Amino acid sequence: MKMAAFPKCYMDELCVDHTMSVFDWIALAERELKSTGVSGLEMYGGYFADTSTAGIRAVRQAADSAGFAIPMLCVSPDFTHPEIAERRRQIESQRAWIDVAAALGCSTCRVLSGQRRPEVTRDQGVNWTVECIEALLPHAAGCGVTLAMENHFKDNYWQYPEFAQRMDIFCEIVNRIESTAFGVNFDPSNTLLVNEDPLELLRRVAPRVVSMHASDRRPKPGATAGAMEITDYSQLIHGEIGTGLIDFDAIFAILADVRFDGWVSIEDGVTGIEELKRSAIFLAGKLDRWFPAA
């Protein structure tokens, strides 16, 4: 099984403070993660200071030189904006990111629904999301890139949580889009934020899963996971994979049953590279068990 890493712990350094460059992240991963079985690095749109052809080529060359594939590009389109002109702008922005994903050699590019604005109804949000994604599918297919919709909580830099955060809305959108250029990026721990069962969601969408974020969460001291409110993100914290609430054996059993063969990307917590290394070692053991090499 193919294992990648996503540096959740360095998001602000890469995207806000710019105290770490994408090249720094590649070099750090080469030094610290290659020995753990990580063979890919997932990217996020905010990492790139230069999205020109030359800039993206430089990132891909750096990853190639370090021995990493770049299997996934994480992007956060906002397709639930009430203004049609803004939705069209979001489509064009996502189209450009699909081009970046193809140039990086990615097999998948993440899409989302958009923000859960109070004035947007369920039917509006679902319809707009489906319309926007379907508008992008021919371009994605032409680039050899699969659009992977994540059951997300909230982009780090959004005002509102994800419109399709709840299972019923997420599955309605997924079920309305029929294309080989579309699938699901499954993130188990995001379901905990709305008191939903990650295994139930996975059973519903397993045949459509093309990639996975391996994430784990635990309640803060004094908090109770079963009492989370929909936006009470502060009461659950990301952490080291295998030490939280997620049953990875149960998840991989379901994925193995549908012959999943995509990338699994470690989405780790906030304490740095040593935690990422421990997460990678834990996850490698689980993948070896459930997806033994032929």
Side-chain angles (χ1 to χ4, degrees), residues 1-11 25 29 32-44 68-74 106-110 112 146 148-154 156 170 183-193 196-203 205-206 208-218 225 236-293:
M1 182 54 63
K2 298 164 287 191
M3 185 168 63
F6 181 82
K8 183 77 174 175
C9 49
Y10 299 122
M11 285 293 284
W25 161 236
E32 302 291 345
L33 297 180
K34 289 293 291 293
S35 63
T36 67
V38 170
S39 58
L41 299 179
E42 180 181 354
M43 296 291 172
Y44 177 80
F68 291 115
I70 303 178
M72 295 179 269
L73 176 62
C74 236
C106 300
S107 55
T108 61
C109 182
R110 187 183 73 176
L112 301 175
T146 299
M149 183 171 172
E150 182 178 343
N151 58 302
H152 204 232
F153 165 66
K154 178 180 177 291
N156 282 39
F170 181 80
V184 169
N185 180 67
F186 175 66
D187 186 316
S189 77
N190 283 337
T191 60
L192 302 177
L193 300 171
E196 293 184 339
D197 180 3
L199 298 180
E200 181 183 352
L201 174 60
L202 181 57
R203 292 186 189 102
V205 301
R208 306 290 299 276
V209 174
V210 294
S211 58
M212 175 180 163
H213 277 162
S215 68
D216 211 345
R217 282 182 170 95
R218 65 191 51 75
L236 283 176
I237 53 176
H238 267 289
E240 183 177 332
I241 309 303
T243 65
L245 300 170
I246 299 301
D247 184 345
F248 283 94
D249 283 313
I251 285 168
F252 290 138
I254 294 170
L255 289 175
D257 192 53
V258 296
R259 294 180 172 83
F260 170 73
D261 65 353
W263 284 82
V264 177
S265 185
I266 305 161
E267 188 175 88
D268 201 348
V270 295
T271 67
I273 196 67
E274 291 302 320
E275 182 179 279
L276 260 174
K277 287 169 68 173
R278 293 193 299 270
S279 292
I281 292 167
F282 168 85
L283 190 61
K286 295 298 183 184
L287 293 174
D288 284 345
R289 174 186 176 187
W290 290 103
F291 302 95

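This is a predicted model, so every value here is computed, not measured.
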If the threshold is 4.0 Å, N to carboxylate O, is there a salt bridge linking R203 and E200?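 A salt bridge is absent here (no side-chain N lies under 4.0 Å from a carboxylate O).
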What's the spacing between F186 CZ and R208 CZ if we round to 0.5 Å? 15.0 Å
Spacing of K286 atom NZ and F248 atom CZ [to the nearest 0.5 Å]: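 Going from the NZ atom of K286 to the CZ atom of F248 covers 9.5 Å.
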Write down the atom of [X], the atom of [Y], and the distance for their closest heavy-atom approach.
| X | Y | answer |
| --- | --- | --- |
| D197 | T191 | C-OG1, 4.0 Å |
| G272 | C9 | N-CB, 3.8 Å |
| K277 | L33 | CG-CD2, 3.7 Å |
| G244 | R218 | N-NH2, 3.6 Å |
| P188 | P198 | O-CB, 3.4 Å |
| L283 | A214 | CD2-CB, 3.7 Å |

Under the salt bridge (Lys or Arg N to Asp or Glu O under 4.0 Å) test, residues paired with E275 that sit two or more places apart: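 By the salt bridge (Lys or Arg N to Asp or Glu O under 4.0 Å) rule, E275 matches no residue at all.
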Say whether H152 and R110, considering side chains only, have a donor N or O and an acceptor N or O under 3.5 Å apart. yes
Any side-chain heavy-atom pair of L287 and M3 under 4.5 Å: yes
Tell me, with the steps shown, if R217 and N190 meet side-chain contact (heavy atoms from CB on, under 4.5 Å). CA-CA 9 Å; R217 282 182 170 95; N190 283 337; 3.0 Å; yes
I would like to know whether V184 and E150 meet side-chain contact (heavy atoms from CB on, under 4.5 Å); could you show each step before the answer? CA-CA 6 Å; V184 169; E150 182 178 343; over 6 Å; no
Return all side-chain donor-acceptor pairs below 3.5 angstrom for residues 259-269, not counting sequence neighbours, or 'none' if the list is empty.
residue	atom	partner	partner atom	Å
S265	OG	E42	OE1	2.6
E267	OE2	H213	ND1	3.3
D268	OD2	L276	N	3.0
D268	OD2	S279	OG	2.9

Any donor and acceptor pair, going by atom type alone, linking the side chain of [X] with main-chain N or O of [Y] inside 3.5 Å?
| X | Y | value |
| --- | --- | --- |
| Y10 | I273 | yes |
| D216 | H238 | no |
| N185 | M149 | no |
| T146 | T108 | no |

For F68, ring-ring contact (aromatic ring centres under 6.0 Å, His included) partners two or more places apart: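 Not a single residue meets the ring-ring contact (aromatic ring centres under 6.0 Å, His included) criterion with F68.
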What's the verdict on side-chain contact (heavy atoms from CB on, under 4.5 Å) for E196 and F170, showing C-alpha distance, side-chain angles and the deciding distance? CA-CA 12 Å; E196 293 184 339; F170 181 80; over 6 Å; no
I'd like to know whether Y44 forms a side-chain contact (heavy atoms from CB on, under 4.5 Å) with K8, so could you lay out the CA-CA distance, the side-chain angles of the two residues, the decisive distance to 0.1 Å, and finally the verdict. CA-CA 10 Å; Y44 177 80; K8 183 77 174 175; over 6 Å; no
